[in-house]
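First, the structure itself, so that you have it in front of you.
Along the sequence shown, residues carry numbers from 1. None of these values were measured; they are calculated from a predicted model.
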Amino acid sequence: MADQFRIQLCGTLAVEINRERIDDRLPGRQGRLLITYLVLHRPRAVRRDELVDALWPDRPPAACDAALSALLSKLRRLLPDGTLEGRGVVRLMLPANAFVDLEVAREAVHRAESAIAQEQWHRAWGASLAPLFTARRGFLPDEDAEWIRDTRYELDALYLRALEAYTHACLGVGGTELAAAERAGRELIALAPYRENGYRHLMQALSRSGNTAEALRIYEQLRTLLRDELGIAPSAETLRLHDELLRGVSRAGG
């Protein structure tokens, strides 16, 4: 029977093997960075010099190769046999059923977007939650290196995709989820003020909640921003939604 791995990279690092936490036994800060890097890059083999750069991006110790060997030896003793392969190049071999939070989040946001394309709103709503919660936890907040910054950028993009999917799904579900769609839409335009999707989602949520005047104000906010900052007009899709809102106001007034 394969060993069971459950690894949380985002937020506080947690490594569980066969329901036993081992992260508190990792060899200090460098040990935590080492296993995090290996998990992130587990589909491929990693060279020793790459590991040195990842662990000591600014000033590697004089005996960095010996220090790396010691870290790898300590990590091997914590992992099941065969999990950490190689010496000149190193590969982390996790079983197919291993749970890694960032990998699960990547897959879930794809499922959410696929469900939206098929208008399966409840399925999209459920799938969007895992990447939202995962990306919100952040990544190695007290560390700084190029690979760490790259992962943070990925998490930021993942969070925006998940938030857009969640907002769209809430609009599709409707009813009591319209309030959630409004909250998420406001967060979207705050995080990505030049992405029109967030404005359209928010305008729809407000209009369907009976607040068309506020929806039209959000449109003016977007139109002014794009004109003043970029010298462009809203997209055709946004203009169509604006026209629909105006026609609705005219019908209500007539």
**Asked** Can you list every pair that meets side-chain hydrogen bond (donor to acceptor under 3.5 Å, both in side chains) and has a residue in residues 70-79, with sequence neighbours left out?
**Response** none

**Asked** Can you name the residues that form a ring-ring contact (aromatic ring centres under 6.0 Å, His included) with H168, not counting sequence neighbours?
**Response** W121, H201

**Message:** Going by salt bridge (Lys or Arg N to Asp or Glu O under 4.0 Å), name the pairs with one or both residues in residues 5-18, residues two or more places apart or in two chains.
**Reply:** none

**Item:** Within residues 83-103 or reaching into it, pairs that qualify as salt bridge (Lys or Arg N to Asp or Glu O under 4.0 Å) - sequence neighbours excluded
**Value:** R42-E103, D101-R137

**Item:** Donor-acceptor under 3.5 Å (T83 side chain, P80 main chain)
**Value:** yes

**Message:** Please tell me whether I189 and Y194 are part of a single hydrophobic cluster in this structure, the criterion being side-chain heavy atoms less than 4.5 Å apart.
**Reply:** yes

**Request:** Return each pair, listed once, that meets salt bridge (Lys or Arg N to Asp or Glu O under 4.0 Å) where at least one residue sits in residues 213-233; pairs must be two or more places apart or across chains.
**Result:** R186-E214, E214-R217, E220-R223

**Request:** Starting from L163, walk the hydrophobic network (Ile, Leu, Val, Met, Phe, Trp, Tyr; side-chain heavy atoms closer than 4.5 Å) and list everyone else you reach, by chain and number.
**Result:** W125, L129, L132, F133, Y159, L160, Y166, L188, L191

**Message:** Run the ring-ring contact (aromatic ring centres under 6.0 Å, His included) test against F5 and tell me which residues pass, sequence neighbours left out.
**Reply:** none

**Complete:** Those residues at least two apart in sequence (or on a different chain) that pass side chain to side chain donor-acceptor pair (under 3.5 Å) with T212 are none

**Prompt:** Between R200 and E164, does a salt bridge (Lys or Arg N to Asp or Glu O under 4.0 Å) hold up when you go through it step by step?
**Reply:** CA-CA 11 Å; R200 288 196 296 270; E164 284 190 355; over 6 Å; no

**Prompt:** Remaining members of M93's ILVMFWY cluster at a side-chain heavy-atom cut-off under 4.5 Å?
**Reply:** none

**Message:** Quick test of your reading of the model: are R149 and D144 salt-bridged, counting only N-O distances below 4.0 Å?
**Reply:** yes

**Request:** Could I get the full list of side-chain contact (heavy atoms from CB on, under 4.5 Å) partners for N18, not counting sequence neighbours?
**Result:** D3, Q4

Hey, can you pull the donor-acceptor pairs under 3.5 Å for the side chains in residues 62-71, sequence neighbours left out?
unit_1, atom_1, unit_2, atom_2, d
D65, OD1, R48, NE, 3.0
D65, OD1, R48, NH2, 3.1
S69, OG, R48, NH2, 2.6
S69, OG, D65, O, 3.1

**Fill in**
Under a side-chain separation threshold of 4.5 Å, the hydrophobic residues clustered together with L171 are L178

